[in-house]
Amino acid sequence: MKVAIASDHGGVNLRKEIMNLMDELGIEYEDFGCEGTGSVDYPDYALPVAERVASGEFDRGILICGTGIGMSIAANKVKGIRCALVHDVFSAKATRQHNDTNVLAMGERVIGPGLAREIAQAWLTTEFEGGRHQRRVIKITDIEGKYR
Ligand code: RB5
């Protein structure tokens, strides 16, 4: 699995934590910034990750900002992206099993690093269940076709 990861200035510390986790798990990833801790605009970092996941260049994306909200909104504008903003382990597993989410968003100002690591690990290692959930995901994709 190849993961694209990025954050804005509000998510720098948590991004490093999650990159350490992926090193420990032996998961391949590429870091798309941001550099340093100066103020930047989260859509500028959500877009490169979302585009690379949508194109198939990367299997999954992880986006972190202060709340995770801006990153998730921006990522979900890209056709083919199903980004979930997650701050608990149950939802991390469920959104993989039921929604086949391909991007995970988290907020560094919302949860601590220990929980964020558990969420990321659960999300990265849980498979999509398919079946009735596949039908629903297809209906989400159909909505994209209707408006673009
Ligand atoms: C930046 O201050 C902050 O707005 C951003 O990290 C994020 O929380 C936006 O949704």
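Starting from 1, each residue takes its place in the sequence as its number. Just so you know, ligand 1 is whichever comes first in the structure, and atom 1 is the first atom listed for that ligand.
Atoms of ligand 1 found under 4.0 Å from any heavy atom of Thr67 (numbered from 1 in listed order, with element): 7 (C), 8 (O), 9 (C), 10 (O). Listed by number with element, the atoms of ligand 1 under 4.0 Å from a non-hydrogen atom of Gly66 are 5 (C), 6 (O), 7 (C), 8 (O). Taking every non-hydrogen atom of His9 and a distance limit under 4.0 Å, the qualifying atoms of ligand 1 come out as 1 (C), 2 (O). Less than 4.0 angstrom separates some heavy atom of Arg109 from each of these atoms of ligand 1: 1 (C), 2 (O), 3 (C). Annotation for ligand 1: atoms under 4.0 Å from non-hydrogen atoms of Tyr42 are 9 (C), 10 (O).
Counting only distance, with no hydrogens or angles, the side chain of Ser91 and the backbone of Asp88 share no donor-acceptor pair below 3.5 Å.
Residues Tyr45 and Val40 have side chains in contact (heavy-atom distance under 4.5 Å, counting atoms from C-beta outward). Between Lys139 and Ile143 there is no side-chain heavy-atom pair separated by less than 4.5 Å. You'll find the side chain of Ile73 stays beyond 4.5 Å of the side chain of Leu85, heavy atoms only. Inter-residue side-chain proximity for Val53 and Arg60 is flagged as unmet; no heavy-atom pair is nearer than 4.5 Å. At a threshold of 4.5 Å between non-hydrogen side-chain atoms, the residues Val3 and Glu28 do not count as touching.
Atom 7 (C) of ligand 1 has its closest protein heavy atom at Cys65 SG, 3.3 Å.
Within the 4.0 angstrom cut-off, atom 4 (O) of ligand 1 has no protein heavy-atom neighbours.
Taking all heavy atoms of Ala105, Ser72, Gly70 into account, the minimum distance to atom 10 (O) of ligand 1 is reached by Gly70.
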